[in-house]
Amino acid sequence: MNYEFAAIEKKWQKKWLEQKTYAAVTGDPRPKFYGLVEFPYPSGAGLHVGHPRPYTAMDIVCRKKRMQGYNVLFPIGFDAFGLPTENYAIKNHIHPRIVTEQNIKHFTEQLQMLGFSFDWDRVVDTTDPSYYKWTQWIFLQLYKKGLAYKATMPVNWCTSCKCVLANEEVVEGVCERCGAPVVRKEKSQWMLKITEYAQRLIDDLDDLDYIERVKIQQKNWIGRSTGAQLRFQSSAGDAIEVFTTRPDTLFGCTYMVLSPEHAFVKKWEPLIKNYAEVQAYVDAAARKSDFERTELAANKEKTGVRLDGVVAINPANGEEVPIFISDYVLATYGTGAVMGVPGHDQRDWDFATKFGLPIIEVVKGGDVTKEAFILKDDTGIMVNSGFINGMTVKQAIPAMIDWVEQQNIGVKTVNYKLRDWVFSRQRYWGEPIPMVNCPKCGWVPLPESELPLLLPDVENYEPTDNGESPLAKMTGWVNTTCPHCGGPAQRETDTMPQWAGSSWYFLRYMDPHNDEELVGRDAIKYWHQVDWYNGGMEHTTLHLLYSRFWHKVLFDIGVVPTAEPYQKRTSHGMILGLNPHSFVNLSEQEQAELVKKYGSEDSAKRHLVEQFGEMADHPIVKMSKSLGNVVNPDDVVQEFGADTLRVYIMFLGDFEKAAPWQTSAVKGCKRFLDRVWNLAERCSDSMEHTPANEMSIHKTIKKVAEDIDAMKFNTAIAAMMSLVNDYYANGCTKGDLHTLLLLLSPFAPHMVEELWEQLGFAAREGKMACEMAWPVFDENKMVEHEKEIAVQVNGKLRSTVKVPADCDDETVIAAACADEKVQKQMQGMTLVKSIVVKNKLVNLILKPEKQLHLDK
RNA sequence: GCCGGUGUGUUGGAAUUGGUAGACGAGGCGGACUCAAAAUCCGUUGUUAGCGAUAACGUGUGGGUUCGAGUCCCACCACCGGCACCA
């Protein structure tokens, strides 16, 4: 009986598919469990080894949950709108729909090849009109709630391609494809008011079972800060509003800065004597590419122009302060204007130093002539600050807020870094936005009855020269009638971003074929929310936040019963590859040759860095085509089988951390499965457990179950390997194997089913292994009657002794002192103290007899 | 700069959360089987000294707390990830 994995895997995959073994049943009386993985973008390259890591992990969790009696929903689908497909279509003149269909077919085959227990009847495809109908429907609800609005926003414009780029296509300020600088261009765009939900998106994290780093990253991204909004009177008559987190430093404000885009700049034109100079600065700032802006930020070199002819009044001390414009003040954060407090803000200090502005110390302790003084805590003492002198910063902040509110020149307020979601893309391969622009009525939503608004076929998928979506050229589609007045009107030609379809897909899985509703009442009532969602850290701030936002909106309008979509969120580490250019990854021969050629190992390494860049210093790097270190799962399955790939990918390291792929280590896992397979011929017919294995079996049941729940798959597998080693050492029975197969079933489902069948368990139980109940452990069988106790003398391990389990301290100490090795240590010493840790360890504290006398 | 994380044998990684460091793999070495090789099975494998029992050292560095520290505290170094002129 040979382990012919290729045939075995195919056989069971076919059977599972035909029998719909893993179908979830809406309304089933068993407790439900909804496990979710991020659905893939079906790229032309096919599945990458990165995909199976989270998929196998959740597959194991879900398979175990099924065995534990849950009705499990474990779905998969395809997030198929997006740029790579569109770019491929542009290049090869193939309709993106055809490319998408091909890619989905390929992905489906690959996913099935790996034996994931997805419910294949619930597959969703975001590009399917029956799906995006509901994506559009949600947009209409957002619009109705006033959460979608049109605004003129800067977009990324590639100066060479002459087209609009998504943020993801801009890498370090240049176009990802052609490398030309990217500048900002104003464009009217649909925006979603995610900022209105900022506070709830922070607050509701408290009740969720998300791993801590996800919560922290989301909170940082939303970037809440509390402070005050203050009003400065200006000689122009307008009051300048600023936001500050440090109202206590108001007495130290010696100037003000507006962002170049601030509305007052233009408004005050007649008053500004040096307006030409100001205008030139504003123009230059607008022309600056993102790249130049970030460069400047790094250099900390501040630029700016004083508005000659206008001044402001510091409300704290009534003094006149000059007003500047500078691009270090962002138009998009706070009010687009700041008060300059050079004594206690490094950027302000840099600016004030450059422009020769006064620097006032208002918090004692530093030397503001040398640098800004910033305390991490709020214990600093106020000076030069009128009525708050002598207070700590902690006391001064509320005191100042009280004062400005009394004077009616400011209020306590909160600001967020989070900005509204730019929802328009000037692209073809996305969901059409169901809005019509009527010259009489303005923007009018399409009636829900007209959904889905189908994406029309176009001849050319390239964006137009002026940055319009290719849809703009489809005049037959664009020109329509106003749903409101019936007059001639035009459709929105921008499409939705890729994040749209993935913001609610988990709901559609609950009821994927419903034509009447996004998700049926019964289905949502039964499945409720996702119990466990695993995905990459790279989606923490965009996808995860966007989908939480949409879910809250759907909750507010009564479509879903929970305010949060996912109860639990975990995250996996990336799979990295070995850097073929790194010295340590070269073969001994290659290393020797290089050392010979360049004289020493150090100069050989230096040569590699010169040749391949700094990355050559890093032996473990991201997989990339250019390095040629990409591992294709197909090849691994071909050579070792899907079960081996699954076990290896779970064994290679801590699931939450990045881990390098090492092809050489895969065979260790193959060997493990072979050893399990070979046990079938070695085992005796008894269904009883081998007495010598009994304890290990029960301990392993406990360990594997706990480790799966904690996503410590690597140690779960190690425990099973140990058990197999025990079986080899002690011999094993069919009964021993029966238990092992059940534990291994979530990890290596194909091989387990085959053995299960061949050993006659399938016939005997009338079930596949994956349909069996998860084994239970017996605490009593895990009790050891004798314990090996570590004996330390003065904290150093000297020996071990065996004592009865749970015996009292005196027995342990007596046994320890009787030990030969300990006796040696005790010569000339007196036992002054002993510490016993039950069933584990005893530490004997000895002192020389002489010294003991001296002590007295 | 800010936030988060990591640092353990030749190597991927374990360590019940303060209690026998190196589980389980990979690689190496030795043996069995074989005409031979592969596969398989059985040993062995942190470093140094010693024939040996054993001893000393050992979890990035330096201090500290403790009967006892990979684990806790302080300072530092290196690397990884995220954000970044956010007022």
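Residue numbering restarts at 1 for every chain, and letters A, B, ... go by the order of the sequence lines. What you see is a predicted model; the values in this text were computed from it and never measured. Reckoned from all heavy atoms, side chains included, excluding hydrogens, waters and symmetry mates.
- Contacts of A:L627 classified as side chain to side chain contact (heavy atoms under 4.5 Å, CB included), with partners at least two apart in sequence or in another chain: A:N579, A:P580, A:H581, A:V621, A:S624, A:N629.
- Under the Watson-Crick or G-U wobble criterion, with both distances below 3.5 Å, B:A49 is paired with B:U54.
- Among the nucleotides B:C85, B:A87, B:C83, the one closest to the side chain of A:Y328 is B:C85.
- Glycosidic conformation at B:U17 (O4'-C1'-N9-C4 for purines, O4'-C1'-N1-C2 for pyrimidines): syn, within 90° of 0.
- For the pair A:K833 NZ and B:C67 P, the computed distance is 5 Å after rounding to whole Å.
- Distance check on atom P: B:U44 versus B:A23 gives 12 Å, rounded to whole Å.
- Taking atom C1' on both B:G13 and B:A26, the two are 11 Å apart, rounded to the nearest angstrom.
- Note on A:S834: nothing from the nucleic acid sits closer than 4.0 angstrom, heavy atoms only.
- In this structure, B:G7 and B:C77 make a Watson-Crick or G-U wobble pair, each of the two defining distances being under 3.5 angstrom.
- Taking atom CG of residue A:D350 and atom P of nucleotide B:G1, one finds them 14 Å apart after rounding to whole Å.
- In this structure, the ring-ring contact (aromatic ring centres under 6.0 Å, His included) partners of A:F351, at least two apart in sequence or on a different chain, are A:Y255, A:F324, A:Y328, A:F355.
- A:K417 contributes no side-chain N or O that forms a donor-acceptor pair with the base of B:C83 under 3.5 Å.
- With sequence neighbours excluded, the residues that form a side chain to side chain contact (heavy atoms under 4.5 Å, CB included) with A:F5 are A:Y3, A:E9, A:K670.
- Shown here are the ring-ring contact (aromatic ring centres under 6.0 Å, His included) partners of A:H262, two or more places apart in sequence or in another chain: A:F264.
- Following rounding to the nearest Å, A:K670 (NZ) and B:A26 (P) show an atom-to-atom distance of 13 Å.
- The residue among A:I845 and A:A331 whose nearest nucleotide of RNA chain B is located toward the 5' end is A:I845.
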Listed pairs, N/O of protein and of nucleotides 17-21 of chain B, under 3.5 Å:
unit_1	atom_1	unit_2	atom_2	d
B:G19	N2	A:Q792	OE1	3.4
B:U20	O4	A:E788	O	3.4
B:U20	O4	A:E788	OE1	3.4

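- Separation of the P atoms belonging to B:G7 and B:U61 is 13 Å when rounded to the nearest angstrom.
- Using Watson-Crick or G-U wobble geometry with both donor-acceptor distances under 3.5 Å, B:A84 finds no partner in any strand shown.
- For the P atoms, the distance from B:G22 to B:G27 is 22 Å, rounded to whole Å.
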Worksheet item: Which parts of nucleotides 40-52 of chain B does protein reach within less than 4.0 Å, heavy atoms only, written one letter per nucleotide 5' to 3' as B for base, S for sugar-phosphate only and - for none?
Response: SSS----------

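- If you take CD1 of A:I813 and P of B:C67, they are 16 Å apart, rounded to a whole angstrom.
- Side chains of A:Y648 and A:W661 form a contact here, defined as non-hydrogen atoms less than 4.5 Å apart.
- For A:T715, no side-chain nitrogen or oxygen approaches OP1 or OP2 of B:G13 to under 4.0 Å.
- The side chain to side chain contact (heavy atoms under 4.5 Å, CB included) check on A:I845 picks up A:N794, A:V832, A:K833, A:I835, A:N843, with sequence neighbours excluded.
- Taking atom P on both B:C72 and B:A15, the two are 14 Å apart, rounded to the nearest angstrom.
- Atoms OG1 and CZ, from A:T195 and A:R419 in turn, are 11.5 Å apart once rounded to the nearest 0.5 Å.
- Nearest nucleotide to the A:P660 side chain, out of B:G12, B:C67, B:G25: B:G12.
- Distance, A:F713 CZ to B:A23 P: 23 Å, rounded to whole Å.
- Comparing B:G1 with B:A55, their P atoms sit 49 Å apart, to the nearest whole Å.
- Comparing the same atom, P, in B:G52 and in B:C79 gives a spacing of 42 Å after rounding to whole Å.
- Checking the phosphate oxygens (OP1, OP2) of B:A14, a side-chain nitrogen or oxygen of A:N714 falls inside 4.0 Å.
- Looking at A:S225 and A:N415, their side chains never bring a donor and an acceptor atom within 3.5 Å of each other.
- Following rounding to the nearest Å, A:Q218 (CD) and B:C83 (P) show an atom-to-atom distance of 13 Å.
- Note on A:K667: only backbone sugar-phosphate atoms sit closer than 4.0 angstrom, heavy atoms only; bases stay farther off.
- A:H539 and A:E38 share a donor-acceptor pair across their side chains, judged by distance under 3.5 Å alone.
- Within the structure, ring-ring contact (aromatic ring centres under 6.0 Å, His included) contacts touching residues 713-732 of chain A (residues at least two apart or in different chains) are A:F655-A:F713.
- Within the structure, the side-chain hydrogen bond (donor to acceptor under 3.5 Å, both in side chains) test picks out the following pairs touching residues 714-723 of chain A (sequence neighbours left out): A:D707-A:T715.
- Checking A:D350 against A:Q346 by side-chain atom types alone, a donor-acceptor pair falls below 3.5 Å.
- Across the strands present, B:U16 finds no partner; the criterion is a Watson-Crick or G-U wobble pair with both atom distances under 3.5 angstrom.
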Can you pull every protein N or O that's under 3.5 Å from an N or O on nucleotides 2-6 of chain B?
unit_1	atom_1	unit_2	atom_2	d
B:C3	O2'	A:N220	ND2	3.0

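- By the rule that a glycosidic angle within 90° of 0 means syn, B:G9 counts as syn.
- When distances run from any side-chain atom of A:L330 to the nucleotides B:A14, B:A87, B:U11, the shortest one goes to B:A87.
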Pairs: protein N or O with nucleotides 54-57 of chain B N or O, under 3.5 Å:
unit_1	atom_1	unit_2	atom_2	d
B:A56	OP2	A:R798	NH1	3.3
B:C57	OP2	A:K796	NZ	3.0

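- The distance between atom CD1 of A:I620 and atom P of B:A78, rounded to the nearest whole Å, is 20 Å.
- In summary, the side chains of A:R224 and A:Q199 do present a donor paired with an acceptor at a separation below 3.5 Å, with no hydrogens or angles considered.
- Counting heavy atoms from C-beta outward, A:F243 and A:V338 have side chains that stay 4.5 Å or more apart.
- Between B:U11 and B:G5, the distance separating the two C1' atoms is 23 Å to the nearest Å.
- Looking only at atom types and distance, the side chain of A:N730 has a donor-acceptor partner in the side chain of A:N693 under 3.5 Å away.
- No side-chain N or O of A:Y210 forms a donor-acceptor pair with one of A:Q218 less than 3.5 Å apart.
- Computed from coordinates, the A:Q346 CD to B:G1 P distance equals 12 Å when rounded to whole Å.
- By the side chain to side chain contact (heavy atoms under 4.5 Å, CB included) test, A:K699 is found to be paired with A:M695, A:M782, A:E784, residues two or more places apart in sequence or in another chain being considered.
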